[in-house]
Amino acid sequence: MRQRQVRSDVSAKLHRVSILIVIICAVGASVIPIYWTFVTSLSLDVDLMQTSRTWFPPRATLKNYREALGLAQGVYGVASQIRAALLNSLTIGVSVTVVTLLLAILAAYAIERLRVPLRKYISFFVLLTQMLPPVILVIPIYLSLARFGMLDSKTSLAVIYIALNLPFAIWIMSSYFRRLPVSVEEAAIIDGCGYVEVLWKILIPMSRPALFTSGIFVFLSAWNEFIIALVLTSSLRAKTLPISVSEFMGRFYTNYPLMCAAGIVSMVPPIIFALLFQNFLIEGLAKGAVKE
């Protein structure tokens with residue numbers, strides 16, 4: 001009996017150690033490329049061959065960050081475009097997140113609480129739209145916007161991103177609304193509250209974890225989108241940050257330190273956004289906000 005207990009304890013420890021090893025490998029696989037990008041961003045172009053053999057650049061400098069943000073003297077060309085593209089990405093990402101969440105809340109509430117005909121099929125078809133790869137829609141979207149003279153516009157990009165991310169946000173909010181007790185809403189309606197008051201004063205405060213969870217995913221999706229922005233934008237009026245970073249790659253020469261500095265700069269807003277709302281994100285995922 002004692003030997004069996006010892007074996008079970010050993011197997012439990014081995015199981016925990018194996019899980020820990022898998023976690024360490026997964027974290028390392030995620031962190032090492034980011035660290036190497038950061039090291040390259042602190043390097044001079046002439047030191048890249050030596051930097052690849054060390055864990056830190058021999059002559060670390062912030063010169064690339066000053067150029068990427070347009071703070072250095074005499075900076076021109078692609079490097080001077082990062083700041084404008086960063087502002088475009090922030091404008092589009094924030095507006096897409098706010099509008100998408102507002103529409104998703106209204107749609108999810110109608111599906112889950114109101115007597116909408118065929119509401120179960122509506123939820124299925126909303127989720128089905130996520131199965132379609134966005135790259136298939138690039139050419140039809142381009143032709144439609146070109147016909148109406150709406151190419152190279154932040155508004156056009158925002159509308160497209162809202163349409164692409166809205167089904168996923170509706171799915172998350174519907175899944176969360178379904179788990180909330182209906183008795184609280186019924187009591188509020190009996191007390192004289194209308195549907196809008198119930199939604200604003202009761203459901204939305206109770207749904208903050210799902211709201212922030214879907215908001216983070218929507219913001220990251222709009223922030224990192226590349227293909228559609230590449231096809232639809234051609235100037236700094238609407239060009240986003242991923243497009244500007246990709247333009248550091250030339251035909252005959254690529255400024256890798258400057259490109260890596262721009263890449264690190266592009267990571268800062270999503271990281272701040274995620275850190276500010278990480279508690280709501282963890283709570284939303286723990287409560288099944290992304291489970292059907």
Side-chain angles (χ1 to χ4, degrees), residues 37 41 64-72 75-103 129-130 132-169 215-274:
T37 302
S41 70
N64 299 312
Y65 288 94
R66 291 195 296 269
E67 291 187 11
L69 295 173
L71 302 178
V75 176
Y76 63 92
V78 176
S80 63
Q81 301 176 6
I82 294 297
R83 189 161 50 185
L86 178 62
L87 182 60
N88 290 340
S89 290
L90 281 174
T91 304
I92 294 173
V94 172
S95 59
V96 167
T97 303
V98 172
V99 176
T100 301
L101 290 181
L102 178 61
L103 296 177
T129 58
Q130 292 296 102
L132 189 66
V135 68
I136 298 177
L137 305 174
V138 172
I139 294 178
I141 290 174
Y142 179 86
L143 295 176
S144 300
L145 294 179
R147 179 172 298 179
F148 293 102
M150 297 179 63
L151 293 175
D152 199 26
S153 169
K154 291 194 291 289
T155 304
S156 300
L157 280 181
V159 171
I160 293 169
Y161 293 163
I162 290 170
L164 293 177
N165 289 288
L166 187 57
F168 181 72
I216 289 174
F217 280 106
V218 170
F219 180 81
L220 292 179
S221 176
W223 181 268
N224 293 321
E225 201 284 322
F226 180 78
I227 297 297
I228 295 176
L230 177 65
V231 174
L232 299 184
T233 61
S234 57
S235 69
L236 283 180
R237 184 173 62 180
K239 191 174 294 183
T240 57
L241 196 55
I243 308 304
S244 293
V245 172
S246 69
E247 291 180 347
F248 282 100
M249 299 180 63
R251 181 178 180 184
F252 300 105
Y253 171 73
T254 299
N255 193 334
Y256 289 106
L258 196 56
M259 183 173 64
C260 289
I264 294 296
V265 169
S266 68
M267 292 171 56
V268 173
I271 290 175
I272 294 176
F273 191 77

*For Phe219, what residues pass the ring-ring contact (aromatic ring centres under 6.0 Å, His included) criterion, not counting sequence neighbours?*
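Trp223, Phe273.
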
*Taking C-beta and beyond as the side chain, do Ile264 and Tyr65 meet within less than 4.5 Å on heavy atoms?*
yes

*Is any side-chain heavy atom of Leu145 closer than 4.5 Å to a side-chain heavy atom of Ile160?*
yes

Kindly give the heavy-atom pair with the smallest separation between [X] and [Y], and that separation in Å.
{"X": "Val218", "Y": "Thr97", "value": "CG1-CA, 3.9 Å"}
{"X": "Ile162", "Y": "Leu103", "value": "CG2-CD1, 4.2 Å"}
{"X": "Leu90", "Y": "Pro269", "value": "CD2-CB, 4.1 Å"}
{"X": "Pro270", "Y": "Leu220", "value": "CB-CD2, 3.4 Å"}
{"X": "Asn64", "Y": "Ala261", "value": "CB-CB, 3.7 Å"}
{"X": "Cys260", "Y": "Thr37", "value": "CB-O, 3.4 Å"}

*Hey, is CG on Leu143 packed in by over 12 heavy atoms from elsewhere, all under 6.0 Å?*
yes

Can you measure from [atom1] ([X]) to [atom2] ([Y]) and round to the nearest 0.5 angstrom?
{"X": "Thr240", "Y": "Asn88", "atom1": "OG1", "atom2": "CG", "value": "8.0 Å"}
{"X": "Ser234", "Y": "Lys239", "atom1": "OG", "atom2": "NZ", "value": "7.0 Å"}
{"X": "Ser266", "Y": "Ile82", "atom1": "OG", "atom2": "CD1", "value": "8.5 Å"}

*Donor-acceptor under 3.5 Å (Ser89 side chain, Leu241 main chain)*: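 Confirmed, Ser89 side chain pairs with Leu241 backbone.
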
_Intermediate values then yes/no, side chain to side chain contact (heavy atoms under 4.5 Å, CB included), Leu164 and Leu137_ = CA-CA 10 Å; Leu164 293 177; Leu137 305 174; 4.0 Å; yes

_Holding to side chain to side chain contact (heavy atoms under 4.5 Å, CB included), I want the full list of residues that pass it with Tyr142, two or more places apart in sequence or in another chain._
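For Tyr142 the side chain to side chain contact (heavy atoms under 4.5 Å, CB included) partners, ignoring immediate neighbours, are Leu151, Val231, Leu232.
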
*Tell me the side-chain hydrogen bond (donor to acceptor under 3.5 Å, both in side chains) pairs involving residues 149-167, sequence neighbours left out?*
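Sorted pair list: Asp152-Ser235, Tyr161-Glu225, Asn165-Ser221.
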
